[in-house]
Protein chains: 2
Amino acid sequence: MGSEKVTSIEVAKRAGVSQSAVSRVFTPGASVSPKMAEKVLKAAEELGYRPNVLARSLITGRSRIIGLVVAYLENQFYPDALEKLSNALQAHGYHILVFMVSNEDDSVDKVMGELLDYQVDGIITASVGMSNALAARCSAAGVPVVLFNRGQDDERLNQVTSNNIEGGRKIAEFLVAGGHKKIAHIAGWSGSSTGRDREAGFRSGLEQTGAELVACIDGKYTREAAAAATREMFSGEDRPDAVFVGNDHMAFAVMDVLRFELKLDIPGDVSVVGYDDVPLASWPAYDLTTLRQPSNRMVEATVSTLLGWIEEGSQDVQKIKIDGPLMVRGSARIPEGWPDERL
Amino acid sequence: MGSEKVTSIEVAKRAGVSQSAVSRVFTPGASVSPKMAEKVLKAAEELGYRPNVLARSLITGRSRIIGLVVAYLENQFYPDALEKLSNALQAHGYHILVFMVSNEDDSVDKVMGELLDYQVDGIITASVGMSNALAARCSAAGVPVVLFNRGQDDERLNQVTSNNIEGGRKIAEFLVAGGHKKIAHIAGWSGSSTGRDREAGFRSGLEQTGAELVACIDGKYTREAAAAATREMFSGEDRPDAVFVGNDHMAFAVMDVLRFELKLDIPGDVSVVGYDDVPLASWPAYDLTTLRQPSNRMVEATVSTLLGWIEEGSQDVQKIKIDGPLMVRGSARIPEGWPDERL
DNA sequence: GAAATTTATGCATACGTATGCAACTTGAAT
DNA sequence: ATTCAAGTTGCATACGTATGCATAAATTTC
């Protein structure tokens, strides 16, 4: 029952000053004398006063809330990014309001409406796309949007991804250099730019060396679809000797099927390469060779882009691509003298 | 530049009605005639009006924001819970504001202040404790708190956990029934109730059957500490033949060390049992026998407790313990005729 | 058809804070 | 002492919405 909200007015009363004075003491950069500050802070301390962020936002037009739209947290890449994003924003006095969506139906649009109702200062979508109508609404509302790990053509949307095309290409070179003859791909969801770009880069890398892609199935970024694709791809006699999987999360499923259902040896019978370098990839149970998405730098770029728009009214739409290194581990045959040959 | 906020006043003007009328149309349960509703909704639609949640909260005293305090998302149990919590709350019109803390310093207290500044309607802490002073402040502010997966003696704090003592006991019975003679424990962080309770239950279960705990080290819920504990515990000649690890996240590290550093066979040389049943536990690479924490039911209990306090002004502090089953898989020797003997 | 009752609507105000403006204080410069 | 500028403070108002109260309209009741 003790919901005794204490307001700036009560503090003012106790300190014997005006409400404006209290407000100014709690507003960085306002004009206050040292004695005033002392009086007010003392009274505030005694009453346990803290400014009401919501009331403040009503007048400043800034809520210090960033909306995060995310589809699923099963793929370790996203909780990791969420943790980093939250920490980085928290350091700047912002906090993350979470909105879960499903990527299939129109829940994105529905949820995004609720998001704007909260007067968020900015929006980050993690691996989630947006309709044009929605982009227009955010733009009209003056709310900047950054697509994290997803590209989209809309000219109003900032985006931060790894260099997926280049990444796909690097993996192709690596597998070809490793002497693989029958290279396959279990692709990321074809409805996503990341999935398409990685595949495109991979294909282009193969072509460049004259190699050929012997099989390619959409793994939809889920364990189930990736496992099914693996069974299909490796059931015949003439199975691939290498497979690039569109992300680590699927790669783990692929490895599980190869090893425990099909009794194949990795990398003896087949090489597996993933994409993301989530923490689990380096655990010895998988020891997965994978292209690292540098989540630290991606988060950094996301936050600075967002705060640039919010605090400095930047108008430059950023389309940032960040290069990542191939993490060579034990799940794929390593070409002769590989680490020296190219950096 | 298009930050054209449209307010209820503009809608009222266009519809030729009062601002109150607009407000009432958007307030469920208010008294409005059908024609009025139609007129207003039409005008609102044309202008793209949506009520400002923050302004509304100022007057209703309800923000529809739930603060979630969480220390780390590396252990898959937490992103999973976060996803479920968010979905469940979203279905009731609430959303989660995320606050990351470190469990070691006093950042919990610091962060909790910011939390209250946002006028959250309730607080969920995931595996994070609270100082008494803090519990008092939340109580004074009338903000209900639910500790998720963490117990604490304070009489003001609701809590939802699995039945950790009973869980520890079940695992002891299982290992003893499996004929293990040298049983060890890599415990959860001794600073947490979950860690202490699981250990206590485990010890009590062993005692009950006359078995003895040959070694026990605090794994602190981290991979690193758990790996170090494993090396210490299994370095000598007289190594344990079974180990109960305080949660799955550590158990994976333990298995990695046992298999890949010490070249031991699981369960041939040593049985491993975890706690949580995160998704990864069922993947064949680990195939971990573990005690399931029923996150669905825990989330359900958390949400209903919280909403009970918020919407019905409940005053009953809940200390909920939920039983979970032992998921018998391949990482520990299975007693003869086990599944039949007891349910 | 008039009175009593219910239902709709508008008016005014309140929520807790920030800020432009004017009035005032202080101290320096003349 | 006198003038002026710089620094402080209080007053009043605004942000966008919800709601008690009084009035007006619609409905029921006899």
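Scope of the values below: all heavy atoms of this structure, side chains included, with no hydrogens, waters or symmetry mates.
Each end of the helix from C:dG1-D:dC30 to C:dT30-D:dA1 gets its own axis from five base pairs, and the two axes differ in direction by 30°, given to 10 degrees.
Using a 4.0 Å heavy-atom cutoff across all strands shown, A:Ser33 reaches sugar-phosphate atoms only and no base atom.
In this structure, A:Met36 places its CE atom 12 Å from C1' of D:dG7, rounding to the nearest Å. Across the protein-nucleic acid pair, A:Arg62 atom CZ and D:dC15 atom P stand 17 Å apart, rounded to whole Å. In this structure, A:Leu58 places its CG atom 17 Å from P of C:dA14, rounding to the nearest Å. Here C:dG16 presents its P atom at 9 Å from CD of B:Gln119, a figure rounded to the nearest Å.
Annotation: the span from B:Gln159 atom CD to B:Asn149 atom CG amounts to 10.5 Å, rounded to 0.5 Å.
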Practice item. Would you mind building the protein contact string for nucleotides 17-25 of chain C? One character per nucleotide, 5' to 3', B for base within reach (heavy atoms under 4.0 Å), S for sugar-phosphate only, - for untouched. Key: BBBB-----
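The one candidate from B:Thr7, B:Val11, B:Ile9 that meets the side chain to side chain contact (heavy atoms under 4.5 Å, CB included) condition with B:Gln19 is B:Ile9.
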Would you list the atom pairs, donor with acceptor, under 3.5 Å between side chains in residues 20-36 of chain B and any protein atom, with sequence neighbours excluded?
unit_1	atom_1	unit_2	atom_2	d
B:Thr27	OG1	B:Ser23	O	2.8
B:Ser33	OG	B:Met36	N	3.3

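At a threshold of 4.0 Å, the pair A:Glu46-A:Lys42 counts as salt-bridged, since one of the basic side-chain nitrogens sits closer than that to a carboxylate oxygen.
The aromatic rings of A:Tyr118 and A:Phe99 sit perpendicular, their planes meeting at an angle over 60°, well past the 30° parallel limit.
Close to D:dT9, at under 4.0 Å from its OP1 or OP2, lies no side-chain N or O of A:Ser18.
No side-chain donor from either of B:Tyr221 and B:Ser127 sits under 3.5 Å from a side-chain acceptor of the other. No side-chain N or O of A:Tyr49 forms a donor-acceptor pair with one of A:Ser8 less than 3.5 Å apart.
A distance-only check finds a donor-acceptor pair linking the side chain of A:Asp121 to the backbone of A:Arg64 [under 3.5 Å].
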